[in-house]
Amino acid sequence: MQSLFDTDGGMEALGPGAAVLRGRALPCGEALLAAIDEVAAEAPFRRMTTPGGFEMSVAMTNCGAAGWITDRKGYRYTAEDPESGRPWPAMPAAFLALAGAAAAEAGVTSFVPDACLINRYETGARLSPHQDRDEADYGHPIVSVSLGVPATFQFGGPKRSDPMKKVALRHGDVVVWGGPSRLAFHGVLTLKDSEHPLTGRRRFNLTLRKAL
Ligand code: MD3
Ligand code: FE
């Protein structure tokens, strides 16, 4: 049985508790992108403002019981989309199935996410290094799914000053971040101009979390 800490057989360890499943979402890529379009029809992508007053270059939306937002007041999860006042769209079944299967492959049984942040990168967009600390229980992993044009992801340790290593994340790559990697600093370098047959010049990233 493979676990987060093995590197054999299609699973690559990025760090302690972080496993890359290369191409794991390739068979369902078109279904995931269709589901993203359905979510965005109800809850459009928007560029949010950080507490410091900067507009993020990455456009975001959410689905599931809880959605991650930022505004001048801070970072948090909400049950409703602040733009519409309505609940976030339901989590598509294809997201739940992929997240559960990927977590199981990495040795985490019964992962049932209640929040999915959907990030949309256009050429020039970036995500500066940060920790994901707005969830109730860091014992649950985060599953990320990369779609569309490739990006360079950087990932360090629990301190901002820890050295960061770079890894390419391509269409269909799934990463399970658990254990000591759950609170690692991470970010995405400026997206280079390139094209993907399914998304044009864009990259989408799903982050599936148990937030509540
Ligand atoms: C490592 N998103 O939404 S996904 C984010 O590609 C975020 O859009 C990036 O960081 C993106 O918060 C990276 C990979 C990822 C997600 C969560 C992590 C890596 C992580 C949490 C802890 C450690
Ligand atoms: Fe993050």
Side-chain angles (χ1 to χ4, degrees), residues 4 12-22 24-25 32-33 36 39 45-48 50 56-64 66-70 74-77 88 95 98-99 102-103 106 108 111 113 115-160 162-192 196 199 202-211:
L4 276 176
E12 177 188 329
L14 275 189
V20 194
L21 288 75
R22 293 283 180 198
R24 180 66 182 70
L32 297 176
L33 289 164
I36 291 171
V39 168
F45 283 99
R46 79 292 306 263
R47 289 172 60 188
M48 300 186 203
T50 65
M56 297 183 76
S57 58
V58 178
M60 300 176 166
T61 187
N62 290 278
C63 56
W68 185 87
I69 66 162
T70 176
Y75 309 118
R76 63 202 177 276
Y77 282 91
W88 295 105
F95 289 17
L98 177 61
V108 178
F111 176 59
C116 180
L117 173 65
I118 308 175
N119 293 336
R120 187 187 72 193
Y121 295 76
E122 295 183 333
T123 305
R126 62 189 288 273
L127 194 61
S128 50
H130 64 277
Q131 291 172 298
D132 289 18
R133 302 186 55 140
D134 302 316
E135 299 74 29
D137 179 357
Y138 306 140
H140 297 291
I142 293 178
V143 174
S144 74
V145 182
S146 293
L147 296 166
V149 310
T152 303
F153 177 76
Q154 52 178 359
F155 147 80
K159 296 195 306 274
R160 189 175 285 279
D162 290 331
M164 297 193 103
K165 62 180 177 188
K166 292 186 175 78
V167 56
L169 290 180
R170 303 181 193 89
H171 179 75
D173 288 347
V174 177
V175 191
V176 181
W177 309 90
S181 290
R182 175 63 185 77
L183 287 172
F185 276 86
H186 59 279
V188 178
L189 299 188
T190 305
L191 197 75
K192 289 187 183 150
H196 186 278
T199 65
R202 291 169 166 167
R203 169 178 190 258
F204 294 91
N205 182 268
L206 309 177
T207 48
L208 292 132
R209 305 180 167 101
K210 182 146 175 37

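Since we're looking at a predicted model, the values are computed, not measured. Here, residue 1 is the first one in the sequence, and each next residue gets the next number. Note that ligands are numbered from 1 as they come in the structure, with each ligand's atoms numbered from 1 the same way.
Taking the side chain as every heavy atom from C-beta outward, His130 and His186 approach each other to under 4.5 Å. Contact annotation: the side chain of Pro113 never approaches that of Phe95 to less than 4.5 Å [non-hydrogen atoms, C-beta and beyond]. Contact of the Asp162 side chain with the Phe185 side chain is not registered, since no non-hydrogen atoms from C-beta on lie closer than 4.5 Å. Counting only heavy atoms from C-beta outward, the side chains of Thr70 and Met60 never approach each other to under 4.5 Å. Counting only heavy atoms from C-beta outward, the side chains of Thr61 and Arg46 approach each other to under 4.5 Å.
Taking the six-membered ring where tryptophan is involved, the planes of His171 and His196 are tilted, since the angle between them lies from 30° to 60°. Taking the six-membered ring where tryptophan is involved, the planes of Phe204 and Phe45 are tilted, since the angle between them lies from 30° to 60°.
Around the Fe ion (ligand 2), the protein N, O or S atoms closer than 2.8 Å are His130 NE2, Asp132 OD1, His186 NE2, listed by chain and residue number.
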Using a 3.5 Å cut-off on N/O to N/O, what pairs does ligand 1 make with the protein? A line per pair would be great.
| from | atom 1 | to | atom 2 | distance (Å) |
| --- | --- | --- | --- | --- |
| ligand 1 | 2 (N) | Asn119 | ND2 | 3.4 |
| ligand 1 | 3 (O) | Asn119 | ND2 | 3.0 |
| ligand 1 | 6 (O) | Arg203 | NH1 | 2.9 |
| ligand 1 | 6 (O) | Arg203 | NH2 | 3.2 |
| ligand 1 | 6 (O) | Asn205 | ND2 | 3.4 |
| ligand 1 | 8 (O) | Asn119 | ND2 | 2.9 |
| ligand 1 | 8 (O) | Tyr121 | OH | 2.6 |
| ligand 1 | 8 (O) | Asn205 | OD1 | 3.4 |
| ligand 1 | 10 (O) | His130 | NE2 | 3.2 |
| ligand 1 | 10 (O) | His186 | NE2 | 2.9 |
| ligand 1 | 12 (O) | His130 | NE2 | 3.2 |
| ligand 1 | 12 (O) | Asp132 | OD1 | 3.2 |
| ligand 1 | 12 (O) | Asp132 | OD2 | 3.3 |
| ligand 1 | 12 (O) | Arg209 | NH2 | 3.0 |

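Under the side-chain hydrogen bond (donor to acceptor under 3.5 Å, both in side chains) rule, Glu135 has a single partner from Arg182, Lys210, His140, which is Arg182.
Considering every non-hydrogen atom in both Arg24 and Val174, the closest pair reads CB-CG2, 3.7 Å.
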